[in-house]
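Since the structure comes first, as structure tokens, the remarks are kept for the end.
By convention here, the first residue in the shown sequence is residue 1. Note: hydrogens, waters and symmetry copies are ignored here, and every other heavy atom, side chains too, is used. Please read these numbers as outputs of a predicted model, since none were measured by experiment.
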Amino acid sequence: MSRDTLWLIDGYAQFFRAFHAIRTDMRSPVTSEPTNMTYGFVDMLLKLLTVHRPDHLAVILDVSGDRGTFRSEIYPDYKANRDAPPSELAPQVDRCLSLLGELGIPVYGSEGFEADDVIATIARRMRREHDDLEVRIVSKDKDLQQLLDDRVRMVDVHKDTSIGPDDLEADKGIRPEQVVDMLALMGDTVDNVPGVAGIGPKTAAALIAEHGSIDGIYACIDSEEELPVSKRSIKGKRRENLVAARDDVPLSRTLVTLRDDCPVDFELEATRVDAGRADAPAVDETMRILGFNRLRDSFRGLLGGGEQAPSAGDGAAETASDEA
């Protein structure tokens, strides 16, 4: 039986990816606003709509900033070392959000939570409530791997790749339910999650694969306490670091565990992809203003506006290739 698909775009993850992937100094020929990130994001969105043809689509955003979530309340140093975003990012985010509104694609977020928590809340609720629904998460964020199951996959639209539970196990040797423990051990320098000193992604995955969980690792350490050093399965500096971090690991585990109880007013039908919900003339005008001529033609075809005549000012074309 063919199932409907719900695609959830991790908004800021895709914004930043597009911003850093396209380094060309792109500007609107009309307003002179920066457009490199906007171009990359819109190009990805168009590919998603035309190639993957989602039945339902929504964009999920962080709405509380890096320091305004429950994680910062638990651990004030969480994300405290992040630099401010580039000044040219904000106006492009605003432009993308405006375009999403013109396309009739809803945007969701929840105060006090991160986008990943909102994605977890929606994905797991839809998974429970709709047996005929598959969920696709557009993100490369490793934290979201804990959500994978037989009907939830993560997709890289740019590279036409996706991962599910079997792919995760083939790559890292662990299952989705073990991802949290792997993340807690390795920590995250970007988010300032402590982790265990000296343990990176490969070592964390190997330890969890061998011992099953963090509890299994410490049970092994305890059971081998009386053994000679040469007989211990976990030894040397690695053992010392694990023992030293024992009281801190639960905090790291809490920080990397996605919450699935966010207050979010999500209705599946509101996300149904329907060209009739789009304001085609507004989309066309936005593409004209931004100078995205190729994308403009594609949206005309997608939204049923292929017969429209070009407007004045169509001479400026995109300069970026599909790099994002």
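Formation of a donor-acceptor pair under 3.5 Å by the Asp62 side chain with backbone atoms of Ala115 is found in this model. In this structure a side-chain-to-backbone donor-acceptor pair under 3.5 Å is missing from Asp77 to Ala80. Put simply, the side chain of Arg136 never gets that close to the backbone of Trp7: no donor and acceptor are under 3.5 Å apart. Under a 3.5 Å cut-off, the side chain of Arg125 and the backbone N or O of Asp261 do not form any donor-acceptor pair. In this structure, Arg232 contributes its side chain and Glu224 its backbone to a donor-acceptor pair below 3.5 Å. At least one donor-acceptor pair under 3.5 Å links the side chain of Lys47 to the backbone N or O of Val157. Using a distance-only test at 3.5 Å, with no hydrogens or angles considered, no donor-acceptor pair links the side chain of Ser28 to the main chain of Glu33. With Arg296 contributing its side chain and Thr286 its backbone, the two residues share no donor-acceptor pair below 3.5 Å. Not one N or O on the side chain of Gln145 forms a donor-acceptor pair closer than 3.5 Å with the backbone of Ile163. When atom types are taken as modelled, the side chain of Ser98 and the backbone of Asp94 share no donor-acceptor pair closer than 3.5 angstrom.
Checked for salt-bridge contact, Arg151 and Glu134 miss the test: no charged N lies under 4.0 Å from a carboxylate O. With respect to the salt-bridge test (charged N to carboxylate O, under 4.0 angstrom), the residues Arg239 and Glu225 qualify. Under the 4.0 Å criterion applied to side-chain N and carboxylate O atoms, Asp191 and Arg82 are assigned as salt-bridge partners. A salt bridge links Arg246 with Asp222: the closest approach of a Lys/Arg side-chain nitrogen to an acidic carboxylate oxygen falls below 4.0 angstrom. Ion pair Asp260/Arg127 not flagged as a salt bridge, since none of the NZ, NE, NH1 or NH2 atoms sits closer than 4.0 Å to an Asp/Glu carboxylate oxygen.
Atom CG of residue Asp116 and atom CG of residue Leu147 lie 8.0 Å apart, to the nearest 0.5 angstrom. Taking SG of Cys96 as the start and CE of Met37 as the end, the distance is 4.5 Å to the nearest 0.5 Å. For the atom pair Thr35 OG1 and Gln92 CD, the distance stands at 6.5 Å (nearest 0.5 Å). Distance OH/Tyr75 to OG1/Thr69: 13.5 Å, rounded to 0.5 Å. Expressed to the nearest 0.5 Å, how far CG of Leu45 lies from CG of Leu49 amounts to 4.5 Å. Atom CZ in Arg71 sits 8.0 Å away from atom CZ in Arg259 (nearest 0.5 Å).
Aromatic ring orientation, Phe70 versus Phe113: tilted (interplanar angle from 30° to 60°).
Connection of Phe41 to Met26 is established within a shared hydrophobic cluster, with ILVMFWY side chains joined at heavy-atom distances below 4.5 Å, either directly or through further cluster members. Val155 is not connected to Leu168 by any chain of hydrophobic side-chain contacts under 4.5 Å among Ile, Leu, Val, Met, Phe, Trp and Tyr, and they are in different clusters. When hydrophobic clusters are built by joining Ile, Leu, Val, Met, Phe, Trp and Tyr residues whose side-chain heavy atoms come closer than 4.5 Å, directly or via intermediates, Val273 is not grouped with Ile60. There is no path of hydrophobic side-chain contacts, each under 4.5 Å, that joins Ile119 to Val138. Val59 and Leu6 sit in two unconnected hydrophobic clusters of ILVMFWY residues. Membership requires side-chain heavy atoms under 4.5 Å apart, directly or through other members.
Residues Ile199 and Leu242 share a closest heavy-atom pair of CD1-CD2, 3.7 Å. Pairing each heavy atom of Ser252 with each of Pro194, the nearest pair is OG-CD, 3.5 Å. Counting all heavy atoms, side chain and backbone alike, Leu89 lies closest to Phe15 at CD1-O, 4.4 Å. Of all non-hydrogen atoms in Pro106 and Leu57, the two that sit nearest each other are CD-O, 3.5 Å. Of all heavy-atom pairs spanning Ala184 and Ile214, the tightest one is CB-CD1, 3.8 Å. Here the shortest heavy-atom pairing between Ser64 and Ser110 reads OG-O, 4.0 Å.
Side-chain atoms of Ile217 and Leu185, non-hydrogen and from C-beta on, do get closer than 4.5 Å to each other. Counting heavy atoms from C-beta on, the side chains of Leu99 and Leu290 never come closer than 4.5 Å. Between Leu268 and Leu133, the closest side-chain pair of non-hydrogen atoms falls below 4.5 Å. The closest side-chain heavy-atom distance from His56 to Met126 is not below 4.5 Å. Looking only at side-chain heavy atoms (C-beta outward), Lys142 and Met186 come within less than 4.5 Å of each other. Considering only heavy atoms from C-beta on, Leu61 stays 4.5 Å or farther from Val118 through its side chain. By the 4.5 Å heavy-atom criterion applied to side chains, Lys172 and Val179 are not counted as neighbours. Using a 4.5 Å heavy-atom threshold, the side chains of Asp160 and His52 count as touching.
Atom CZ of Arg238 has 12 or fewer neighbouring heavy atoms from other residues, nucleotides or ligands inside a 6.0 Å radius. At most 12 heavy atoms of other shown residues, nucleotides or ligands fall within 6.0 angstrom of atom CD in Glu226. Within 6.0 Å of CG in Asp274 there are more than 12 heavy atoms belonging to other residues, nucleotides or ligands.
For the side-chain contact (heavy atoms from CB on, under 4.5 Å) with Tyr78, the lone residue among Val193, Asn192, Asp188 that qualifies is Val193. Checking each of Asp10, Asp141, Asp156 against Arg17 for a salt bridge (charged side-chain N to carboxylate O under 4.0 Å, His left out) leaves exactly one that passes, namely Asp156.
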As a quick check of understanding, evaluate side chain to side chain contact (heavy atoms under 4.5 Å, CB included) for Leu144 and Leu258, giving each step before the final call.
CA-CA 8 Å; Leu144 291 164; Leu258 298 185; 3.9 Å; yes
Intermediate values then yes/no, ring pair (Phe, Tyr, Trp, His ring centres under 6.0 Å), Phe16 and Phe19
CA-CA 5 Å; Phe16 275 105; Phe19 184 85; 7.3 Å; no
Arg253 vs Asp248, salt bridge (Lys or Arg N to Asp or Glu O under 4.0 Å): CA-CA, chis, key distance, verdict
CA-CA 9 Å; Arg253 197 178 195 283; Asp248 298 325; over 6 Å; no
Starting from the C-alpha separation in whole Å, work towards a yes-or-no answer on side chain to side chain contact (heavy atoms under 4.5 Å, CB included) for Leu46 and Phe299.
CA-CA 8 Å; Leu46 184 63; Phe299 273 116; 3.9 Å; yes
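Arg95 and Thr38 are not linked by any side-chain donor-acceptor pair at a separation below 3.5 angstrom, with hydrogens and angles left out of the test.
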